[in-house]
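Below is one structure, written out as structure tokens, with a few remarks after it.
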Amino acid sequence: MAGEPQSDCLFCKIVAGEVPATIVRETETTVAFRDINPQAPTHVLVIPRVHYPDAASLAVGAPTVAADLLREAGEVAAQEKTDAGGYRIVLNTGAGAGQTVFHVHAHVLGGRGLNWPPG
Ligand code: 5GP
Ligand code: ZN
């Protein structure tokens, strides 16, 4: 069923505490943790506790949680003090766009200059 935990999903395992992660914030609906391979001084992933493969399917299936995800991305940026210098929220969607984990996650990147357009 949409939103149910998937036994083969790495990020469902992080939500369940079965795979360790450096958690920086948690809410009833979201978990934020440091990316294992950081691309910037701040590189945090914000995920919903529910399993949806990408941002658009989360917005369709659980719109309030999609809003929670964006709010939490902002809270992470504030907590990491990247909000003043600007930060980027990235939601890679599909393998061709670089998505490798198919449990929606917002990358929060900051703490350095960020080029536009991204590669
Ligand atoms: P994507 O490429 O799907 O947009 O992003 C997946 C992100 O998950 C990558 O930036 C990758 O470094 C990160 N990642 C992959 N495996 C793990 C893990 O086991 N723990 C953590 N904290 N991050 C992971
Ligand atoms: Zn999952």
Side-chain angles (χ1 to χ4, degrees):
M1 211 168 70
E4 293 297 311
Q6 304 290 302
S7 58
D8 58 348
C9 173
L10 174 63
F11 288 176
C12 283
K13 288 180 181 156
I14 287 178
V15 169
E18 293 165 13
V19 167
T22 305
I23 291 173
V24 298
R25 285 184 63 83
E26 281 188 277
T27 69
E28 245 176 60
T29 57
T30 63
V31 181
F33 53 94
R34 297 204 186 280
D35 196 291
I36 206 166
N37 182 23
Q39 302 301 313
T42 290
H43 188 173
V44 172
L45 302 175
V46 187
I47 66 173
R49 292 184 187 275
V50 288
H51 179 98
Y52 285 87
D54 56 38
S57 62
L58 176 68
V60 170
T64 64
V65 181
D68 294 345
L69 193 75
L70 290 179
R71 188 194 62 242
E72 276 302 297
E75 292 292 342
V76 165
Q79 185 171 304
E80 299 274 311
K81 305 200 188 316
T82 62
D83 50 340
Y87 62 95
R88 188 168 292 159
I89 301 171
V90 174
L91 290 150
N92 291 329
T93 304
Q99 187 175 7
T100 58
V101 179
F102 291 85
H103 178 132
V104 56
H105 48 281
H107 297 256
V108 179
L109 296 152
R112 66 165 169 81
L114 296 164
N115 295 331
W116 188 262

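For reference, positions follow the sequence shown, starting with 1. Everything quoted here is computed from the prediction, not taken from an experiment. Order of listing sets the numbers, starting from 1, for every ligand and every atom in it.
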For [atom], what is the nearest protein heavy atom, given as residue, atom name and distance?
| atom | value |
| --- | --- |
| atom 19 (O) of ligand 1 | Leu10 CD2, 3.7 Å |
| atom 5 (O) of ligand 1 | His105 NE2, 2.9 Å |
| atom 3 (O) of ligand 1 | Thr100 N, 2.6 Å |
| atom 9 (C) of ligand 1 | Asp35 OD2, 3.3 Å |

Under 4.0 Å, heavy-atom basis, I'd like to know which part of [X] is in contact with ligand 1: side chain, backbone, both or neither.
| X | result |
| --- | --- |
| Val90 | neither |
| Ile36 | both |
| Phe102 | neither |

Quick check on the hydrophobic clustering: are [X] and [Y] connected, directly or via other members, by side-chain heavy-atom contacts under 4.5 Å?
| X | Y | answer |
| --- | --- | --- |
| Ile23 | Val76 | no |
| Val50 | Leu69 | yes |
| Val15 | Phe102 | no |
| Val90 | Val24 | no |
| Leu58 | Phe11 | no |

Considering the heavy atoms of [X], write down every atom of ligand 1 situated less than 4.0 Å from one of them.
| X | value |
| --- | --- |
| Asn92 | 4 (O) |
| Asn37 | 12 (O) |
| Gly98 | 1 (P), 2 (O), 3 (O), 4 (O) |

Does any N or O of ligand 1 fall below 3.5 Å from an N or O anywhere on [X], backbone included?
| X | value |
| --- | --- |
| His43 | no |
| Arg34 | yes |
| Phe11 | no |
| Val101 | yes |

Would [X] count as a contact of ligand 1 if the rule is a heavy atom under 4.0 Å away?
| X | answer |
| --- | --- |
| His107 | yes |
| Ala21 | no |
| Val19 | no |

Please round to the nearest 0.5 Å and tell me the distance separating atom CG of Leu10 and atom CD of Glu18.
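So the gap between those two atoms works out to 11.0 Å.
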
Gap between atom CZ of Phe33 and atom CD1 of Ile47 - 0.5 Å precision:
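Those atoms lie 4.5 Å apart.
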
Could you go step by step and tell me if Glu80 and Arg34 meet the salt bridge (Lys or Arg N to Asp or Glu O under 4.0 Å) rule?
CA-CA 11 Å; Glu80 299 274 311; Arg34 297 204 186 280; 2.8 Å; yes

The Zn ion (ligand 2): angle it makes with ND1 (His103) and ND1 (His51), nearest 10 degrees:
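ND1 of His103 and ND1 of His51 make an angle of 110° at the Zn ion (ligand 2), to the nearest 10°.
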
Tell me the closest heavy-atom pair linking Ala73 and Ile89, and the distance in Å.
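Smallest heavy-atom distance, with atoms named: CB-CD1, 3.8 Å.
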
Is the His107 to His105 ring centre distance short of 6.0 Å?
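Under 6.0 Å, so yes.
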
Heavy-atom distance under 4.5 Å between the side chains of Leu91 and Val104, does that happen here?
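Yes; the side chains approach each other to less than 4.5 Å.
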
